[in-house]
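The structure follows.
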Amino acid sequence: MPANLPPDARKKYAEVEATKNPRERIKRMEEFLSLVPKHKGTAKTCAQVKKQMSALRKEIEEKKKKKAGKSGPKIFLEKEGAAQIVLMSLTKSGKSSLLRSVTNSKVEVSSSPYTTREPVPGIMNYEDLQFQIIEAPALMPGAADGRAWGLQTLGMARNADGLIIVIDLSQDPIKQLTCIIDEMNKARISTTKSKSKVDIERKYMGAGLRIVVLGRLIDCTFKEVEKALRGYNVNDAFVKIYGETTLSDIEEAVFESMVFKPTIIIANKIDLEGAEGNFTLLKAYVSDKLPVIAVSAVTKEGLNKLGETLFRTLEIARIYTKEPNEREYSKKPFILKKGATIYDLAKAIHSDFKENFNFAKVWSKRLVFSPQRVGPTFHLEDGDVVEIHLK
Ligand SMILES: Nc1nc2c(ncn2[C@@H]2O[C@H](COP(=O)(O)OP(=O)(O)OP(=O)(O)O)[C@@H](O)[C@H]2O)c(=O)[nH]1
Ligand SMILES: [Mg+2]
């Protein structure tokens, strides 16, 4: 420790030393770093602490992997339909009842806890789309540390396109929600988009490291960024750097393997006494951060809003394609991210399409006249019909 640390930072460091639990230790280290003034004299200390934090994070990951490997049930289910959505809740919130109400699944419903012990899929129709809804085994406090099926459930959530948090309105709704969000955050899953200036997209082994600086590096060179990333074993990734970025922003992004999942909340059992009051509490607590809908899996009240809410939150668009000489467009849409371009569509149709692309015609309600001849950067919206012309 250098001598020039302020007393509160020294005190915090003593706490770090006294903490054995790896996760707790990382937390104390983070607190310590926030108390250290940033200048040349402390840079080395900060770097060392960050290195230790990275080692601890690795240790936690390794332990998790070992635990997950031991378990019986399959962690991932093959994706089907436009999106894979995982139901997340504490036990007995009514996940199985919901799955039975909105999909073709015949999963068992029961008043005893922890009935569903393996992931169960079902297909839900919404307009001309299908969503795959999966009931994951219930979460509980400690799930992210490997309790019960916690790691499988959280692993499935990380792999999903979207999440539905199910709250039981006959119980304290905020206690349930904070417990679920807590376990998700520990597993580095976020329900809100990160504002980070560094985007690290990990790739398969052997893919190589590609760094693109779209902003400006403040206190380091491109070479130093590459060296730092490789130092943390980031060798196969596509790294995009936006805005004004420092080396420590980049280091933080390496540890922040947070993934964002579009999420909605279903407040279930609205048919029960006292549920309305709990729903009001929940709405006030969540405010407008996430969509919340009140439903009853038993009376089916509110369930008609589910498809539309999911569709909106997932931010996807249905694009219909048409052959140049045909009158009718395809009934089965391509599913793209909202704001995707003609170029993205061409890639989705066929890998050759992007090389041989000439122009496209688009029919759309928002255009003054249709069809309109457009180039590859034209942005598509839900419901657009596209005819691609090749060279
Ligand atoms: N009144 C009422 N009861 C419900 C509703 N949904 C579920 N239940 C009851 O809540 C209990 C638990 O339902 P499940 O659907 O099995 O809950 P789960 O979340 O799948 O539970 P586990 O898989 O065991 O974690 C059952 O007794 C259901 O009948 C609802 O909307 N209203
Ligand atoms: Mg169940």
Side-chain angles (χ1 to χ4, degrees), residues 71-77 84-124 131-157 160 162-184 187 263-283 291-307 309-310:
S71 52
K74 224 167 114 183
I75 303 187
F76 300 113
L77 288 178
Q84 184 180 69
I85 315 290
V86 174
L87 298 175
M88 311 274 286
S89 83
L90 305 187
T91 189
K92 284 177 66 170
S93 66
K95 294 181 296 304
S96 297
S97 311
L98 279 166
L99 202 66
R100 284 183 76 107
S101 304
V102 300
T103 76
N104 53 346
S105 168
K106 293 281 170 276
V107 62
E108 183 188 354
V109 169
S110 150
S111 58
S112 32
Y114 304 109
T115 301
T116 311
R117 290 157 181 253
E118 282 191 23
V120 184
I123 293 288
M124 176 181 131
F131 293 126
Q132 180 189 40
I133 315 268
I134 297 178
E135 175 178 5
L139 290 172
M140 60 184 76
D145 295 308
R147 220 176 136 199
W149 313 269
L151 295 179
Q152 282 94 320
T153 295
L154 292 163
M156 284 183 26
L163 305 175
I164 298 177
I165 294 178
V166 186
I167 299 292
D168 178 349
L169 285 178
S170 70
Q171 315 272 338
D172 181 342
I174 294 160
K175 218 164 133 190
Q176 292 171 70
L177 182 64
T178 46
C179 174
I180 294 163
I181 298 265
D182 234 39
E183 295 304 323
M184 281 171 51
T263 303
I264 70 169
I265 300 176
I266 287 192
N268 189 33
K269 310 196 187 182
I270 191 70
D271 58 294
L272 292 180
E273 211 173 310
E276 285 287 352
N278 278 335
F279 181 58
T280 310
L281 283 177
L282 180 65
K283 280 283 278 186
V292 189
I293 44 180
V295 310
S296 164
V298 171
T299 67
K300 305 222 170 8
E301 177 184 345
L303 287 178
N304 56 345
K305 294 194 200 123
L306 180 57
T309 311
L310 268 180

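Numbers here simply count residues along the sequence, with the first being 1. Numbering of ligands and ligand atoms starts at 1, following listing order.
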- Message: Please list, in number order, the atoms of ligand 1 under 4.0 Å from a heavy atom of Glu135.
- Response: 20 (O), 23 (O)
- Near Pro113 (heavy-atom distance under 4.0 Å), the atoms of ligand 1 are 24 (O)
- Nearest-0.5 Å distance that lies between atom CD in Glu135 and atom CE in Met88: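 Reported to 0.5 Å precision, the distance equals 12.0 Å.
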- Task: Please verify whether a non-hydrogen atom of Arg100 lies at under 4.0 Å from ligand 1.
- Result: no
- OG of Ser97 to NZ of Lys269: how many Å apart, nearest 0.5 Å? 7.0 Å
- Message: Nearest 0.5 angstrom please: Thr153 OG1 to Met184 CE, how far?
- Response: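 Interatomic distance, Thr153 OG1 to Met184 CE, rounded to 0.5 Å: 12.0 Å.
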- Say you draw a straight line from CG of Leu169 to CD of Glu273; how long is it, rounded to the nearest 0.5 Å? 13.5 Å
- If you count the atoms of ligand 1 from 1 in the order shown, which ones are under 4.0 Å from a heavy atom of Thr116?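 Result: 23 (O), 24 (O).
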- Give the numbers and elements of all ligand 1 atoms closer than 4.0 Å to a heavy atom of Asp271.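 Numbered from 1, ligand 1 contributes 1 (N), 2 (C), 30 (C), 31 (O), 32 (N).
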- Task: Could you tell me whether the Mg ion (ligand 2) has an N, O or S atom of Thr115 under 2.8 Å away?
- Result: no
- Query: Looking only at heavy atoms of Ser112, does any of them come nearer than 4.0 Å to an atom of ligand 1?
  - Reply: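 The answer is yes: ligand 1 sits under 4.0 Å from a heavy atom of Ser112.
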- Item | Protein heavy-atom partner closest to atom 24 (O) of ligand 1 - residue, atom, separation in Å | Thr115 N, 2.7 Å
- heavy-atom search around atom 17 (O) of ligand 1 in the protein gives Gly94 N, 3.1 Å
- Task: Just go through Val109, Asn268, Thr91, Ile270 and tell me whose heavy atom is the nearest to atom 6 (N) of ligand 1.
- Result: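 Heavy atom nearest to atom 6 (N) of ligand 1 belongs to Asn268.
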- Does the side chain of Cys179 reach to within under 4.5 Å of the side chain of Leu90, using non-hydrogen atoms? yes
- For Leu272, the ligand 1 atoms whose distance to one of its heavy atoms is below 4.0 Å: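 The atoms of ligand 1 under 4.0 Å from a heavy atom of Leu272 are 1 (N).
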- Query: Nearest heavy atom to atom 9 (C) of ligand 1: which of Lys269, Lys92, Glu273, Glu108 does it belong to?
  - Reply: Lys269
- Message: Only heavy atoms of Ala138, strictly under 4.0 Å: list the atoms of ligand 1 that pass.
- Response: 25 (O)
- Item | Validation row: Glu108, Thr116 side chains within 4.5 angstrom (heavy atoms) | no
- Message: Give the atom numbers and elements of ligand 1 that come within less than 4.0 Å of a heavy atom of Ser111.
- Response: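 Listed by number with element: 27 (O).
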- State the CD1-NZ distance between Ile265 and Lys283, to the nearest 0.5 angstrom.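 One gets 9.5 Å once the value is rounded to the nearest 0.5 Å.
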- Task: Measure the distance from atom 18 (P) of ligand 1 to every protein heavy atom, then report the residue, atom name and distance (to 0.1 Å) of the closest one.
- Result: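 In this structure, atom 18 (P) of ligand 1 has Lys95 N, 3.5 Å as its nearest protein heavy atom.
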- Backbone N or O of Ser89 within a donor-acceptor pair of the Ser93 side chain at under 3.5 Å? no
- Looking at Ile133, Ile134, Leu98, Val120, which hits side-chain contact (heavy atoms from CB on, under 4.5 Å) with Thr103?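 Among Ile133, Ile134, Leu98, Val120, the one that satisfies the side-chain contact (heavy atoms from CB on, under 4.5 Å) with Thr103 is Ile133.
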- Any donor-acceptor N/O pair, Thr91 side chain to Pro113 backbone, under 3.5 Å: no
- Query: Has the side chain of Arg147 got a donor or acceptor atom that lies under 3.5 Å from a matching backbone atom of Ala144?
  - Reply: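 A pair under 3.5 Å: no.
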- Query: Looking at atom 31 (O) of ligand 1, what's its closest protein heavy atom, distance included?
  - Reply: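 Answer for atom 31 (O) of ligand 1: Ala297 N, 2.9 Å.
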- Hey, looking at atom 4 (C) of ligand 1, which of Val107, Leu87, Val298 has the closest heavy atom?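 Checking each option, the heavy atom nearest atom 4 (C) of ligand 1 is found in Val298.
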- Under 4.0 Å from one or more heavy atoms of Ser97, ligand 1 contributes atoms 6 (N), 7 (C), 13 (O), 14 (P), 15 (O), 28 (C)
- Message: Can you confirm, on distance only, whether ligand 1 has an N/O atom lying under 3.5 Å from any N/O atom belonging to Ser96?
- Response: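 Yes: some nitrogen or oxygen of Ser96 is under 3.5 Å from one in ligand 1.
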- So does Glu108 have any N/O/S atom less than 2.8 Å away from the Mg ion (ligand 2)?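 It does not; every qualifying atom lies at 2.8 Å or beyond.
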- Message: If you define the side chain from C-beta out and look only at heavy atoms, does anything of Glu276 sit under 4.5 Å from Ile270?
- Response: yes
- Message: Just to confirm my output: which protein heavy-atom neighbour is closest to atom 11 (C) of ligand 1, and how far is it?
- Response: Ser110 O, 3.7 Å
- Item | Result of checking Val102, Leu310, Leu306 against Phe131 for side-chain contact (heavy atoms from CB on, under 4.5 Å) |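 By the side-chain contact (heavy atoms from CB on, under 4.5 Å) criterion, Phe131 pairs with just one of Val102, Leu310, Leu306: Leu310.
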- Task: Could you check which N/O/S atom of Glu135 is closest to the Mg ion (ligand 2)?
- Result: OE2
- Task: Using 2.8 Å as a strict upper limit, say whether an N, O or S atom of Thr91 approaches the Mg ion (ligand 2) that closely.
- Result: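 Here the distance criterion (N, O or S atom, under 2.8 Å) is not met by Thr91, so no.
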- Output yes when a side-chain donor or acceptor of Gln132 lies under 3.5 Å from a complementary backbone atom of Gly122, and no otherwise.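 The answer is no, because no donor-acceptor pair under 3.5 Å joins these two groups.
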